[in-house]
There are 4 protein chains.
Amino acid sequence: MPRISVPVPMRWADLDAYGHVNNAAMLTLLEEARIATFWATGDDRESAATKVLAGGAGASSYTLVARQEIEYLAPLEYRQEPVQVELWIGRIGGASLEVCYEVHGPGGQVCARAATSIVMVDAASGRPRRLTDDERGALEPLLEEPIEFRRRG
Amino acid sequence: MPRISVPVPMRWADLDAYGHVNNAAMLTLLEEARIATFWATGDDRESAATKVLAGGAGASSYTLVARQEIEYLAPLEYRQEPVQVELWIGRIGGASLEVCYEVHGPGGQVCARAATSIVMVDAASGRPRRLTDDERGALEPLLEEPIEFRRRG
Amino acid sequence: MPRISVPVPMRWADLDAYGHVNNAAMLTLLEEARIATFWATGDDRESAATKVLAGGAGASSYTLVARQEIEYLAPLEYRQEPVQVELWIGRIGGASLEVCYEVHGPGGQVCARAATSIVMVDAASGRPRRLTDDERGALEPLLEEPIEFRRRG
Amino acid sequence: MPRISVPVPMRWADLDAYGHVNNAAMLTLLEEARIATFWATGDDRESAATKVLAGGAGASSYTLVARQEIEYLAPLEYRQEPVQVELWIGRIGGASLEVCYEVHGPGGQVCARAATSIVMVDAASGRPRRLTDDERGALEPLLEEPIEFRRRG
């Protein structure tokens with residue numbers, strides 16, 4: 001199973017007045033899972049095979065979020081334990097890829113399923129650029145079926 | 001044309017280090033457009049025909065976000081002028097509805113297109129409840145074609 | 001009375017699980033009051049006498065927050081009406097100034113009193129720079145007694 | 001030395017367009033340090049001696065933030081490594097206490113110094129209540145000199 005499991009800490013301020021993680025804050029949790037998996041930043045560059053999508057100040061490329069889709073399946077309450085975000089690649093395109101996620105709450109239940117389309121951008125020109133062979137090579141082991149969203153109109 | 005145009009103020013803190021409104025913050029802008037259109041809250045209850053979806057503390061019903069889909073078409077930079085969110089209803093179901101949006105940036109360009117599925121919940125039982133005839137009557141004048149998302153896998 | 005009254009819209013996501021504006025979110029409301037008063041940005045440059053503290057991308061100077069102090073006097077609940085932030089200048093220094101605020105909730109009660117020390121920074125060098133005579137001239141009409149904080153240890 | 005060192009993960013969305021952790025977001029980092037140290041919540045109740053300040057839904061008491069003061073000493077850039085927040089108690093009062101912090105950036109430099117006054121509140125009455133002997137006993141080992149803020153007007 002090519003999924004990666006990423007622990008993502010929640011914050012008290014992610015909750016809204018309903019006492020659950022706010023719908024928009026959930027996307028911030030996904031953003032952190034994505035960065036933890038794919039970005040090599042700062043002094044903490046890691047050698048993980050997946051850390052190939054550049055990010056952070058001074059990188060020659062960066063990623064843009066082009067599209068997101070998310071189903072909220074169960075409310076997520078605050079815990080000091082991180083949520084577990086299962087993450088995989090649902091599609092690899094010419095200059096883009098789709099990252100898929102399942103957010104698992106404290107009891108293991110799936111609180112959300114989501115997908116993010118991201119585009120590789122050349123920092124100098126500000127334009128999309130093709131994924132390199134190295135990037136493809138690093139991403140392909142994570143390739144799995146994309147999410148079938150059940151609640152589309 | 002049944003769309004409502006809702007001015008939604010941006011915040012400096014909505015920007016991330018790329019200098020654009022962050023992908024998750026964009027959903028917070030949509031949330032504010034939705035609340036301004038559909039919620040009657042506090043002392044500022046308005047008599048707008050659309051203010052029929054209860055919200056806020058003490059209401060007998062509330063709304064849950066079940067699903068969201070968004071395409072980011074152009075980066076949105078900070079302005080002190082509000083963005084204009086065009087909002088309409090794309091679908092009315094038994095206990096749910098789909099709110100559609102186009103976010104227009106300062107020059108009028110469409111920065112994002114999005115849809116949110118929301119479910120009516122009975123506050124006492126915590127379970128979905130059917131839309132009332134009054135709610136349907138208020139929502140139907142806003143009914144228009146749902147968004148055709150172009151970037152789905 | 002040299003105070004300026006700035007309407008600042010709240011957001012539903014400013015609330016935390018206690019149903020009140022979160023302590024950190026209150027500082028975001030102050031930031032928006034500050035920007036509305038002092039920054040001339042984008043196409044919406046205004047000719048207000050106070051719009052003298054540069055900000056936004058491409059400006060030759062920017063402001064840094066060096067210090068903040070805030071007393072929370074009453075919980076602030078969500079309203080669709082903006083809060084009114086009364087704002088004045090408590091001190092003008094060589095390269096810095098202190099902005100003072102009172103945040104007035106829906107019923108007019110004071111929910112918070114706060115002060116922010118901001119430093120003028122030259123964008124090219126990244127170093128503090130002296131306030132210009134024009135800046136002083138614009139700020140002085142807003143000068144009033146700084147806040148006496150009552151709850152300091 | 002009675003200080004506790006709490007690792008607090010940053011988020012990319014904490015950055016603003018200057019590329020540094022936003023001034024208000026810094027207080028959210030402090031909130032997380034406070035919760036990690038003092039709250040016993042959910043299934044993850046820990047037996048740490050300091051986990052005595054109740055929090056979370058259903059607790060018989062909760063804490064309110066009454067006052068905060070913060071000096072920003074150096075900009076904090078995004079890292080995937082947590083910041084280290086050193087935390088101690090600067091004062092124990094009848095129904096309140098002062099939490100003090102130093103935020104250490106990736107290189108170890110102090111990026112901010114801050115203090116938060118928190119008040120114990122009885123959940124049933126909504127009114128302040130005295131610290132119990134157990135609470136005092138747990139907090140006293142963390143008592144140290146409060147921060148001397150250098151930049152007060």
Side-chain angles (χ1 to χ4, degrees), chain A residues 14 16-32 34-35 41 55-59 62-75 89-93 96-100 112-119 121 123 126 145-153, chain B residues 14 16-32 34-35 41 55-59 62-75 89-93 96-100 112-119 121 123 126 145-153:
Chain A
D14 292 337
D16 62 23
Y18 291 160
H20 305 143
V21 169
N22 180 263
N23 68 84
M26 191 75 84
L27 294 195
T28 301
L29 299 182
L30 303 183
E31 181 169 65
E32 288 306 308
R34 210 160 58 230
I35 290 171
T41 55
Y62 59 91
T63 52
L64 277 189
V65 173
R67 182 182 174 280
Q68 296 199 85
E69 186 166 359
I70 180 166
E71 286 177 356
Y72 304 90
L73 302 177
I89 305 291
R91 191 184 53 80
I92 302 178
S96 69
L97 63 153
E98 185 181 80
V99 183
C100 297
R113 301 160 78 232
T116 305
S117 300
I118 64 180
V119 177
V121 179
E145 284 299 299
I147 292 176
E148 273 193 54
F149 290 99
R150 295 169 198 161
R151 297 179 174 178
R152 285 182 177 172
Chain B
D14 292 337
D16 62 23
Y18 291 159
H20 304 143
V21 170
N22 179 263
N23 67 84
M26 192 75 86
L27 293 195
T28 301
L29 299 182
L30 302 184
E31 181 169 66
E32 288 306 307
R34 210 160 58 230
I35 290 172
T41 56
Y62 59 91
T63 52
L64 278 190
V65 173
R67 181 182 175 279
Q68 297 201 85
E69 186 167 358
I70 181 165
E71 286 177 356
Y72 304 90
L73 303 176
I89 305 290
R91 191 186 53 84
I92 302 178
S96 69
L97 63 153
E98 185 180 81
V99 182
C100 297
R113 302 160 77 233
T116 305
S117 299
I118 65 180
V119 176
V121 179
E145 285 298 301
I147 292 176
E148 272 192 56
F149 290 99
R150 294 169 199 160
R151 296 179 176 180
R152 284 182 178 172

Just verifying a value: how many Å separate [X] [atom1] and [Y] [atom2], rounded to the nearest 0.5 Å?
| X | Y | atom1 | atom2 | result |
| --- | --- | --- | --- | --- |
| A:I70 | B:T116 | CD1 | OG1 | 11.0 Å |
| B:N23 | A:L64 | CG | CG | 10.0 Å |
| A:R151 | B:S96 | CZ | OG | 9.5 Å |

Next on the checklist: So which atom in A:Y18 and which in B:T63 form the shortest heavy-atom distance, rounded to 0.1 Å?
Outcome noted: CE1-O, 3.5 Å
Checklist entry - By a 4.5 Å heavy-atom criterion (distance strictly below it), what part of B:A66 contacts chain A: side chain, backbone, both, or neither? => result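 Both backbone and side chain of B:A66 come within 4.5 Å of chain A.
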Next on the checklist: Less than 4.5 Å apart, side chain to side chain, heavy atoms only: is that true for A:Q68 and B:L27?
Outcome noted: no
Item to check | Test side chain to side chain contact (heavy atoms under 4.5 Å, CB included) applied to B:R67 and A:E71, A:R113, A:R150, the passing residue | outcome: A:E71
